[in-house]
Amino acid sequence: MNIDIQPEDQAIFDRLKSTGRMTAGLRRKITQQHNWCSCCDKMIFPYRPAFAGYDADDKPVLACAKCAVTRVTELATPVYPKMNLDISLPDETVLWRYMDFSKFVAMLMQRGLYLPRASNMEDKFEGAAGLARREHVWDEHYLKRYREVVSGPGPDGRPINISPEDIECEARRLLRSTKAATVASRSRPISCWHANAGESEAQWRLYCPPQTMGIAVKSSVDRLWNAMSGEQNAVVGRVHYLDFNTAFAVTGRERIFCKRASLAHEREVRAVILEDDGHEDTPGRLVGCDLAALIDVVVLSPFAPEWFQWVLSDVISKFGWSIPVVKSDLLDPPFY
Ligand SMILES: [Zn+2]
């Protein structure tokens, strides 16, 4: 990975030392801007650093070197956008969560979103690097890189005196630690959403089949980010669907945003708590939030009886929330 530090980048590093202060607002700015400067709206050059920090009013910024000169007064951390998977998506993207009535009642009662851990989900490929039958290809790719790193010239440019056995041993140790770091992504707490401008009959049938009492909550990317704003390490991002016959999931923290191509119909957007140290033994995490701000409307399943709307509205207000309930668009009659 070649990082390209130009003199104008070095000037920023000389002026500002990284403070490492990461707020939820800055995390959102870094994710949503990806490789675009939030000040001049131009793309940040590949492998050049972007400067993530705060302006004089303590507002989060992700700046190119040129803008960082005047706009960044506190540097939190440099970021190298080209190395990250782009999970950004427009704030106005409409999101849905289809669920049965009991899950919705739990949400009202708990006054927030419950995020189960990836390892507790049905999909065995959560956090996976790829197909087991292709593991040797992945291993060999990284071993080759690590052997080069281990045997390459030292920091002073001189060749390193190391035996072939030690090179192999060290490369294999690095491979094991890479795998251990990414396996940790399976313990991330996740809230899964479906991105779609309108309702999906397929989602209704999947999550709220006929004879069940189902609802869908309608929200947006902006509302979901706001709901997660109390969690410094939370990100909202779109899932990438990969053909594991030819591709592998990324190794970084965005690993948890990679799924199999066979699930592409889910059009998933997820909120993930990226670092959750010390809580891994719990089955999930509850993130408290203002549900009335998170939820735009609650849509009644097209398969539920009409009287259910009255029950639903009553239950919502009994828990002290004011959230509108509407009928499904799918019930609109046709004409011939
Ligand atoms: Zn700029």
If you look at every heavy atom in [X] and [Y], which pair is closest and at what distance?
{"X": "Ser328", "Y": "Leu300", "answer": "CB-O, 3.3 Å"}
{"X": "Ser151", "Y": "Ile162", "answer": "CA-CG2, 4.5 Å"}
{"X": "Arg15", "Y": "Val72", "answer": "NH2-O, 3.2 Å"}
{"X": "Gly112", "Y": "Leu286", "answer": "C-CD1, 4.2 Å"}
{"X": "Ser177", "Y": "Leu174", "answer": "OG-O, 3.1 Å"}
{"X": "Val235", "Y": "Trp225", "answer": "CA-CH2, 3.7 Å"}

List the steps and the verdict of salt bridge (charged side-chain N to carboxylate O under 4.0 Å, His left out) for Glu8 and Arg48. CA-CA 10 Å; Glu8 53 179 342; Arg48 292 276 301 277; 3.0 Å; yes
For the side chain of [X] and the backbone of [Y], is there at least one donor-acceptor N/O pair under 3.5 Å apart?
{"X": "Thr31", "Y": "Val236", "value": "no"}
{"X": "Ser185", "Y": "Arg255", "value": "no"}
{"X": "His194", "Y": "Glu266", "value": "yes"}
{"X": "Ser200", "Y": "Gln203", "value": "yes"}
{"X": "Ser187", "Y": "Ala184", "value": "yes"}
{"X": "Ser220", "Y": "Thr93", "value": "no"}
{"X": "Arg188", "Y": "Val272", "value": "no"}
{"X": "Arg270", "Y": "Ile256", "value": "yes"}
{"X": "Arg97", "Y": "Lys218", "value": "no"}
{"X": "Arg186", "Y": "Glu126", "value": "yes"}

Is the closest side-chain donor-acceptor distance between Arg21 and Thr77 under 3.5 Å?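 Short answer, no.
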Atom pair [atom1] ([X]) and [atom2] ([Y]), whose distance is rounded to the nearest 0.5 Å:
{"X": "Glu231", "Y": "Leu274", "atom1": "CD", "atom2": "CG", "value": "11.0 Å"}
{"X": "Ile167", "Y": "Leu143", "atom1": "CD1", "atom2": "CG", "value": "12.5 Å"}
{"X": "Trp310", "Y": "Glu306", "atom1": "CH2", "atom2": "CD", "value": "14.0 Å"}

When you compare the side chain of [Y] with that of [X], does any pair of heavy atoms fall below 4.5 Å?
{"X": "Lys318", "Y": "Asp314", "value": "yes"}
{"X": "Phe45", "Y": "Asn35", "value": "no"}
{"X": "Trp36", "Y": "Ile44", "value": "no"}
{"X": "Pro78", "Y": "Ser18", "value": "yes"}
{"X": "Leu294", "Y": "Asn226", "value": "no"}
{"X": "Phe125", "Y": "Leu131", "value": "yes"}
{"X": "Leu85", "Y": "His240", "value": "yes"}
{"X": "Ser317", "Y": "Ser322", "value": "no"}

Is there a continuous path of hydrophobic side-chain contacts, each under 4.5 Å between heavy atoms, that joins [X] to [Y]?
{"X": "Leu242", "Y": "Val239", "value": "no"}
{"X": "Met213", "Y": "Val311", "value": "yes"}
{"X": "Tyr114", "Y": "Met109", "value": "no"}
{"X": "Val325", "Y": "Ile215", "value": "yes"}
{"X": "Tyr241", "Y": "Val250", "value": "no"}

Evaluate Asp332 against Lys327 for salt bridge (charged side-chain N to carboxylate O under 4.0 Å, His left out), listing each step before the verdict. CA-CA 9 Å; Asp332 278 354; Lys327 285 197 177 107; over 6 Å; no
Set of residues satisfying salt bridge (charged side-chain N to carboxylate O under 4.0 Å, His left out) with respect to Asp100, sequence neighbours excluded: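 Checked Asp100 against salt bridge (charged side-chain N to carboxylate O under 4.0 Å, His left out); zero matches.
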Can the positive tip of Arg260 be found less than 6.0 Å from the middle of the six-membered ring of Phe244, inside 45° of the ring normal?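 Verdict for Phe244: no cation-pi partner in Arg260.
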Does Arg238 form a salt bridge (charged side-chain N to carboxylate O under 4.0 Å, His left out) with Glu268? I'd like the steps, not just the answer. CA-CA 6 Å; Arg238 74 185 158 92; Glu268 189 180 329; over 6 Å; no
Begin with the C-alpha distance, continue with both residues' side-chain angles, and end with the deciding distance and a verdict on salt bridge (charged side-chain N to carboxylate O under 4.0 Å, His left out) for Glu168 and Arg173. CA-CA 9 Å; Glu168 194 57 26; Arg173 189 190 65 78; over 6 Å; no
Passes side chain to side chain contact (heavy atoms under 4.5 Å, CB included), Phe248 versus Val137? Steps please. CA-CA 10 Å; Phe248 295 107; Val137 181; 4.0 Å; yes
For a salt bridge (charged side-chain N to carboxylate O under 4.0 Å, His left out) with Glu140, tell me which candidate from Arg145, Arg147, Arg172 qualifies.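 Running salt bridge (charged side-chain N to carboxylate O under 4.0 Å, His left out) over Arg145, Arg147, Arg172 with Glu140 returns exactly one hit, Arg147.
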Are more than 12 heavy atoms from other residues, nucleotides or ligands located less than 6.0 Å from atom CG of Asn161? no
To which residues is Val297 joined in a hydrophobic cluster, defined by side-chain heavy-atom contacts under 4.5 Å among Ile, Leu, Val, Met, Phe, Trp and Tyr, whether direct or through other members? Val94, Trp96, Tyr98, Trp204, Leu206, Tyr207, Val299, Phe303, Val326, Leu330
How does the hydrophobic cluster around Val149 look, that is, which other residues are in it when side-chain heavy atoms under 4.5 Å mark a link? none
Is the distance between the ring centroids of Phe319 and Phe104 under 6.0 Å?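 Ring-ring flag for Phe104/Phe319: false, centres at least 6.0 Å apart.
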In sequence, state the C-alpha distance, the side-chain angles, and the governing distance for Gln6 and Asp4, and then conclude on side-chain hydrogen bond (donor to acceptor under 3.5 Å, both in side chains). CA-CA 6 Å; Gln6 293 290 314; Asp4 180 16; 2.9 Å; yes
Starting from the C-alpha separation in whole Å, work towards a yes-or-no answer on side chain to side chain contact (heavy atoms under 4.5 Å, CB included) for Arg223 and Asp296. CA-CA 9 Å; Arg223 287 170 188 264; Asp296 178 10; 3.9 Å; yes
Could you walk me through whether Trp193 and Val217 pass the side chain to side chain contact (heavy atoms under 4.5 Å, CB included) check? CA-CA 10 Å; Trp193 296 73; Val217 298; 3.8 Å; yes
Start with the C-alpha distance between Trp321 and Arg111, add both sets of side-chain angles, then the distance that settles side chain to side chain contact (heavy atoms under 4.5 Å, CB included), and finish with yes or no. CA-CA 9 Å; Trp321 296 104; Arg111 311 190 82 75; 3.5 Å; yes
Decide yes or no on side-chain hydrogen bond (donor to acceptor under 3.5 Å, both in side chains) for Ser88 and Gln32, but give the supporting numbers first. CA-CA 5 Å; Ser88 68; Gln32 287 290 69; 4.9 Å; no
Under 4.0 Å between a Lys/Arg side-chain N and an Asp/Glu carboxylate O for Arg28 and Asp91? yes
